[in-house]
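Have a look at the structure below before the remarks.
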Amino acid sequence: GVSHVLTLALQELSLLCKRDVNGVGMLYDLLRSHWLQALLKIYECLQHYLGKRPAPVTLQARALSREVVELLREAPPSGEVKELRRLLRSPHFKAALLSAHDTVAQKDFEPTLPPLPDNIPENEEAMRIVCLVKNNQPLGATIKRHEITGDITVARVIHGGLADRSGLLYAGDKLVEVNGVPVEGLEPEQVINIL
């Protein structure tokens with residue numbers, strides 16, 4: 001690993017150090033330093049962990065659970081079979097545990113964005129699709145209707161708010177769609193309710 005490479009480098013540098021080549025002594029001391037050795041050990045441990053990180057056996061635990069429940073219907077009735085069927089059919093097990101497993105196994109954390117429309121004119125300004133997950137916190141931006149165009153725009157971005165921390169929204173940005181709902185012709189108050 002990295003420690004072995006470092007040991008070989010130190011051996012080579014010790015030979016150069018004896019020949020008094022400029023800067024080699026400083027490099028040798030740096031590579032021998034305890035903090036660098038500790039940092040490299042941490043790095044190797046992390047690489048070892050990443051290599052052995054458990055992978056899910058299946059991406060569809062809910063479907064597998066339904067199959068097992070169907071197979072248990074054909075099994076000879078016993079207390080264990082009834083208990084297992086009851087556990088596999090319980091809403092907490094199906095909705096919470098298996099659903100969470102499948103989401104993590106599929107790495108399905110990001111919301112899906114709608115496709116861009118095909119009919120965007122060539123001279124149209126560049127459009128950004130911004131995805132902010134609020135989690136019961138305010139957006140941290142105000143909106144207004146542009147006096148001339150009538151477009152709904154970001155009036156200001158509040159320092160430290162979600163929009164500011166994301167770096168994705170700026171004062172003057174035109175809102176075209178919010179949560180899949182076109183905002184053209186809507187009042188700012190209606191757009192706020194969608195947000």
Checklist line | Student check: side-chain heavy atoms of Thr142 and Val154 closer than 4.5 Å | finding: no

Checklist line | Least distance between heavy atoms, Pro76 atom then Val81 atom | finding: O-CG2, 3.8 Å

Margin query: With heavy-atom distances below 4.5 Å as the criterion, would you say the side chains of Val176 and Val183 are in contact?
Written below: no

Margin query: Looking at Ser166 and Ala163, would you say the former's side chain and the latter's main chain have a donor-acceptor pair under 3.5 Å?
Written below: yes

Item checked: Note, Leu72 side chain near Leu88 side chain (heavy atom, < 4.5 Å) -> yes

Next item on the list: Using the rule that two of Ile, Leu, Val, Met, Phe, Trp, Tyr join whenever any of their side-chain heavy atoms come within less than 4.5 Å, decide whether Ile158 and Val130 are in one cluster.
Entry: no

Next item on the list: Might you point out which heavy atoms bring Ala171 and Ala155 nearest each other, and give the distance in Å?
Entry: CB-O, 3.6 Å

Notebook entry, point to check: Rounded to the nearest 0.5 Å, what separation is found between the CG atom of Leu139 and the CG atom of Leu169?
Noted result: 6.0 Å

Item checked: Within-4.5 Å side-chain heavy-atom neighbours: Leu87 and Arg89 -> no

Item checked: Crowding at CD, Glu70 (>12 non-hydrogen neighbours, <6.0 Å) -> yes

Notebook entry, point to check: Can you find a pair of side-chain heavy atoms, one from Ile192 and one from Ile194, that are under 4.5 Å apart?
Noted result: no

Next item on the list: Decide whether Val178 and Leu132 are clustered together by the hydrophobic rule: side chain heavy atoms of Ile, Leu, Val, Met, Phe, Trp, Tyr closer than 4.5 Å, transitively.
Entry: yes

Notebook entry, point to check: What's the spacing between Ile152 CD1 and Arg145 CZ if we round to 0.5 Å?
Noted result: 4.0 Å

Item checked: Electrostatic pair Glu44:Lys41 at N-O distance under 4.0 angstrom -> no

Notebook entry, point to check: Hey, what do you get for CD1 (Ile143) to CD (Glu189), rounding to the nearest 0.5 Å?
Noted result: 8.0 Å

Notebook entry, point to check: Are the side chain of Glu74 and the backbone N or O of Leu71 linked by a donor-acceptor pair below 3.5 Å?
Noted result: no

Next item on the list: Please check if Leu175 and Val181 belong to a single hydrophobic cluster, counting links between Ile, Leu, Val, Met, Phe, Trp and Tyr side chain heavy atoms closer than 4.5 Å.
Entry: yes

Margin query: Can you confirm whether Asp173 sits close enough to Thr153 that some side-chain heavy atom of one is under 4.5 Å from a side-chain heavy atom of the other?
Written below: no

Margin query: Please report the interatomic distance CZ(Arg85) to CZ(Arg73), rounded to the nearest 0.5 Å.
Written below: 5.5 Å

